[in-house]
Q: 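Here it is: the structure, laid out below.
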Amino acid sequence: FSLVVTTYAVPPRQGKPPQEPPAPKRVISMRTSDLEAAVTSRVAPVHPTVAIWAGVSGEVTVQVLINQQGDVISASSENGHALLKNAAAIAAREWKFIPAEVDGKPVKMEGTVSIPFPTQTPSAALIGKDEDVDKAKAAVQAFPGSPEAYFWLATAYEDDEQNQEAVKAYRKAIELKPNYEEAYAALIELYDESKATADVLGTYKEAVENNPHSFMLLTGQARALSDAKRYAEAIEAMKRALEINPDDWEALHSLGWYYMQLKRFDDAVTTIKEELKINDDYPAALHNLGWSYYGLKRNDDAIAAYQRI
């Protein structure tokens with residue numbers, strides 16, 4: 001987010017002030033091949049029984065964030081079959097990696113890894129069923145206690161634009177597995193598309209209560225609260241997210257913006273400076289820094305920030 005200044009005069013630029021050298025990187029992006037070469041301990045996923053029954057196999061791509069000690073602090077499945085996504089993310093969270101360094105200093109790593117599931121032969125019960133909804137219904141009938149089966153059914157309903165039925169199936173998956181991160185994320189996205197703000201916020205609240213260390217859900221909750229102009233609550237949610245990953249510049253950018261909305265300009269300046277240590281030439285951050293200095297009546301600092309844009 002950024003503000004556009006249209007009503008306040010700023011003296012003519014006298015040339016850009018000298019800038020500090022770029023701060024060292026805190027997070028480096030890795031290619032999948034390089035990231036997987038750095039694995040020191042690879043935990044195989046548990047192939048869900050219902051997926052074996054359904055003959056579902058293949059690879060799931062998982063986005064991971066790895067701390068300076070080589071531990072995974074965040075993992076979320078980006079693509080793959082609905083029956084396999086949760087199992088893949090759970091497995092990836094247990095992987096260990098060789099810690100990375102830049103210029104002799106430890107840094108975090110981010111990237112994707114591929115989690116394979118071996119080929120399976122589908123059950124005879126699926127013979128003649130060509131539509132995903134029919135297959136998923138058969139899976140639910142065969143495995144009524146399987147949260148993965150209901151998640152599959154929900155995604156199939158959603159693909160078929162049967163959104164009310166999708167909501168019911170997502171809800172059942174969550175009932176069976178209260179910390180089902182993928183189900184919460186999909187349900188929230190469905191509510192958001194329907195502009196059901198109260199349902200979005202209520203589901204986020206439930207989701208983070210059951211997944212208190214999910215960076216994805218906490219940042220999502222913060223942004224949903226901001227959209228509802230509940231900035232004080234958004235601040236608390238984003239601060240919790242930053243406890244998990246203090247080096248996420250986008251989360252810092254959002255937090256600075258929330259402080260600005262409440263005219264907490266001192267807090268905004270502190271947060272934006274942390275953001276600029278990571279992303280030192282981001283124009284929106286420099287603009288927000290200038291605006292926050294202006295709110296504090298520190299006009300010289302405001303001008304200096306604007307001149308860096």
Side-chain angles (χ1 to χ4, degrees), residues 23-48 58-80 84-118 147-148 177-186 204 207-223 236-255 271 274-275 277-279:
K25 287 188 175 181
R26 300 184 186 183
V27 184
I28 57 173
S29 296
M30 303 282 286
R31 294 181 302 182
T32 297
S33 57
D34 293 335
L35 198 55
E36 293 195 353
V39 176
T40 60
S41 176
R42 190 186 306 262
V43 174
V46 176
H47 204 147
E59 291 190 343
V60 177
T61 301
V62 181
Q63 177 76 29
V64 292
L65 176 67
I66 301 145
N67 67 14
Q68 293 91 333
Q69 291 73 47
D71 300 318
V72 175
I73 57 176
S74 178
S76 56
S77 296
E78 291 195 332
N79 55 45
L84 305 177
K85 282 187 171 183
N86 185 245
I90 289 172
R93 292 182 189 119
E94 300 302 318
W95 286 23
K96 306 292 183 184
F97 294 79
I98 299 171
E101 292 185 349
V102 172
D103 297 329
K105 295 183 179 181
V107 294
K108 294 177 181 175
M109 297 182 286
E110 63 180 2
T112 60
V113 295
S114 295
I115 310 289
F117 292 81
E148 292 88 359
K177 187 172 186 174
N179 66 342
Y180 203 152
E181 186 172 351
E182 291 79 10
Y184 282 117
Y204 265 127
V208 299
E209 286 173 353
N210 287 297
N211 296 273
H213 304 296
S214 171
F215 182 78
M216 176 185 70
L217 290 173
L218 283 165
T219 53
Q221 181 188 38
R223 288 167 180 141
E236 294 309 309
M238 196 61 83
K239 285 168 67 176
R240 286 178 61 191
L242 284 162
E243 288 174 4
I244 299 168
N245 183 19
D247 301 321
D248 190 283
W249 70 267
E250 291 178 316
L252 286 164
H253 185 74
S254 295
L255 180 59
T271 303
E274 286 300 308
E275 176 192 355
K277 288 178 183 178
I278 303 167
N279 196 5

Q: Find the distance between CG (N279) and CH2 (W249) and round it off to the nearest 0.5 Å.
A: 5.0 Å

Q: Please determine whether side chain to side chain contact (heavy atoms under 4.5 Å, CB included) holds for the pair Y184 and N210, giving the CA-CA distance in whole Å, both sets of side-chain angles, and the decisive distance to 0.1 Å.
A: CA-CA 10 Å; Y184 282 117; N210 287 297; 3.2 Å; yes

Q: With rounding to the nearest 0.5 Å, note down the distance linking NE2 in H253 to OG1 in T271.
A: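 Atom-to-atom, H253:NE2 and T271:OG1 are 12.0 Å apart.
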
Q: Using a strict cut-off of less than 4.0 Å between a Lys/Arg side-chain nitrogen and an Asp/Glu carboxylate oxygen, indicate whether K277 and E274 qualify as a salt bridge.
A: yes

Q: Suppose we screen for side chain to side chain donor-acceptor pair (under 3.5 Å). Which residues come up paired with E209, at least two apart in sequence or across chains?
A: K205

Q: Rounded to the nearest 0.5 Å, how far apart are CD of E181 and CD1 of I90?
A: 9.5 Å

Q: Tell me the closest heavy-atom pair linking A251 and F215, and the distance in Å.
A: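 So the minimum-distance heavy-atom pair works out to CB-CZ, 4.3 Å.
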
Q: Please report the shortest heavy-atom distance between V60 and G80, naming the atom on each side.
A: CG2-CA, 4.2 Å

Q: Begin with the C-alpha distance, continue with both residues' side-chain angles, and end with the deciding distance and a verdict on side chain to side chain contact (heavy atoms under 4.5 Å, CB included) for K239 and L255.
A: CA-CA 8 Å; K239 285 168 67 176; L255 180 59; 4.1 Å; yes

Q: With heavy-atom distances below 4.5 Å as the criterion, would you say the side chains of H213 and S74 are in contact?
A: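 When only atoms from C-beta onward are counted, S74 and H213 do not touch, as no gap falls below 4.5 Å.
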
Q: M216 and A185: which non-hydrogen atoms are nearest, and at how many Å?
A: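 Of all heavy-atom pairs spanning M216 and A185, the closest is CE-CB, 4.0 Å.
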
Q: So which atom in L218 and which in A241 form the shortest heavy-atom distance, rounded to 0.1 Å?
A: CB-CB, 3.8 Å

Q: When rounded to the nearest 0.5 angstrom, what is the spacing between CZ in R93 and CG in L65?
A: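 If I round to the nearest 0.5 Å, the distance is 12.0 Å.
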
Q: Give me the one residue out of D248, N67, N245 that meets side chain to side chain donor-acceptor pair (under 3.5 Å) with K108.
A: N245

Q: Anything under 3.5 Å between a donor and an acceptor, one on a side chain of residues 27-35, the other on a protein residue two or more places apart or in another chain? List them.
A:
from, atom 1, to, atom 2, distance (Å)
S29, OG, E110, OE2, 3.0
R31, NE, D34, OD2, 3.1
R31, NH2, D34, OD2, 3.1
T32, OG1, T112, O, 3.2
T32, OG1, T112, OG1, 2.7

Q: Using the side-chain contact (heavy atoms from CB on, under 4.5 Å) rule, pick out the option among V62, I66, V113 that qualifies with V72.
A: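 Testing each of V62, I66, V113 against V72, the sole residue satisfying side-chain contact (heavy atoms from CB on, under 4.5 Å) is I66.
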
Q: Grab the two heavy atoms, one from P246 and one from R26, that are nearest each other, plus how far apart they are.
A: O-NH1, 4.5 Å

Q: Which label fits W95 and F97: parallel for a plane angle under 30°, tilted from 30 to 60°, or perpendicular past 60°?
A: tilted

Q: Using every non-hydrogen atom in the two residues, find where P45 and A87 come nearest and quote the distance to one decimal.
A: CB-O, 4.0 Å

Q: Sequence neighbours left out, what passes side chain to side chain donor-acceptor pair (under 3.5 Å) with K177? Give chain and number order.
A: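 If we apply the side chain to side chain donor-acceptor pair (under 3.5 Å) test to K177, skipping adjacent residues, the hits are N86.
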
Q: Determine whether Q221 and M238 satisfy the following criterion, side chain to side chain contact (heavy atoms under 4.5 Å, CB included), listing intermediate values before the conclusion.
A: CA-CA 8 Å; Q221 181 188 38; M238 196 61 83; over 6 Å; no

Q: When rounded to the nearest 0.5 angstrom, what distance separates CG in L84 from NE2 in H47?
A: 5.0 Å

Q: Can you tell me if Y180 and N211 form a side-chain donor-acceptor pair at under 3.5 Å?
A: no

Q: Rounded to the nearest 0.5 Å, what's the gap from CD on E36 to OG on S114? Could you check?
A: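 These two atoms lie 5.0 Å from each other.
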
